[in-house]
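Please read all numbers here as calculations on a predicted model, not as lab measurements. Keep in mind that the numbers below use all heavy atoms, side chains included, and drop hydrogens, waters and symmetry copies.
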Amino acid sequence: MRSRYSAYVKRDYDHLEKSLCADQRVDYSREEAQRWAESAEWKGLTILRTVEGQESDDKGLVEFSAKYHMNGQDHEHLEMALFGREEGRWVYAGQMDPKGKTVRYEQPKPGRNDPCPCGSGKKYKKCCGANA
């Protein structure tokens, strides 16, 4: 993850492409990566946690925060990045979708159009309330 962040800072678009898994390289656009990297002033990378990703592993997850300044505003990109090995090298394999946060209600039962308390992001009537 650190090498990919550094590649954005240093504008090393070859490394950005080479550090993608084969599936991710299919959609890689050097022009989009360049536009993104050059429009941002990179402020720092913080690794929040890692899961697996050791020498003996073939996959890993890196949760990180990348801070940058763009269009006069500060931003923070939070991601849970998936990595895997290809030909012995670690490559970016995509991101894990964050789970919704559980919504707790003081009332006994959420309304049909309220967010489902399970955290799915769906309306209660389309999720846990569908069979109620």
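Criterion: ILVMFWY side-chain heavy atoms under 4.5 Å apart, direct or through other members. Under it, V9 and L45 are part of a common hydrophobic cluster. Following chains of ILVMFWY side-chain contacts shorter than 4.5 Å, one can reach L20 starting from F83, so the two form part of one hydrophobic cluster. Hydrophobic cluster membership differs between V51 and Y92, with clusters built from Ile, Leu, Val, Met, Phe, Trp and Tyr side chains linked at under 4.5 angstrom. In terms of hydrophobic clustering, with Ile, Leu, Val, Met, Phe, Trp and Tyr side chains grouped at heavy-atom distances under 4.5 Å, M96 and V91 are assigned to different clusters.
The NZ atom of K67 sits 5.0 Å away from the CD atom of E76 when rounded to the nearest 0.5 Å. With rounding to the nearest 0.5 angstrom, the CH2 atom of W36 is 14.0 Å from the OG atom of S29. Rounding to the nearest 0.5 Å places CD of E79 at 4.0 Å from CD of Q95. Note that SG of C21 is 5.5 Å distant from CD of E86, once rounded to the nearest 0.5 Å. The distance from atom NZ of K43 to atom NE2 of H69, rounded to the nearest 0.5 Å, is 6.5 Å.
Here the side chains of E52 and L61 are not in contact, with every heavy-atom distance at 4.5 Å or above. V62 places none of its side-chain heavy atoms less than 4.5 Å from the side chain of L48. The shortest side-chain heavy-atom distance between F64 and T46 does not fall under the 4.5 Å cut-off. R4 places a side-chain heavy atom less than 4.5 Å from the side chain of L16. By the 4.5 Å heavy-atom criterion applied to side chains, R11 and E38 are counted as neighbours. Side-chain contact between R2 and I47 is present, with at least one heavy-atom pair separated by less than 4.5 Å.
The closest side-chain donor-acceptor pair between S3 and H15 falls under 3.5 angstrom.
E63 contributes no side-chain N or O that, together with a main-chain N or O of T50, makes up a donor-acceptor pair within less than 3.5 Å. Side-chain atoms of R85 do not come within 3.5 Å of backbone N or O of K59 as any donor-acceptor pair. Panel note: side chain D57, backbone Q54; a donor-acceptor pair is recorded below 3.5 Å.
Within 6.0 Å of atom CG in N71, 12 or fewer heavy atoms from other residues, nucleotides or ligands are found, so the atom counts as exposed in its surroundings.
In terms of heavy atoms, A93 sits closest to Q24 at O-NE2, 3.4 Å.
Between Y8 and the options Y68, Y13, W42, a ring pair (Phe, Tyr, Trp, His ring centres under 6.0 Å) holds for only W42.
For the pair R30 and E32, the salt-bridge criterion is not met [side-chain N within less than 4.0 Å of a carboxylate O].
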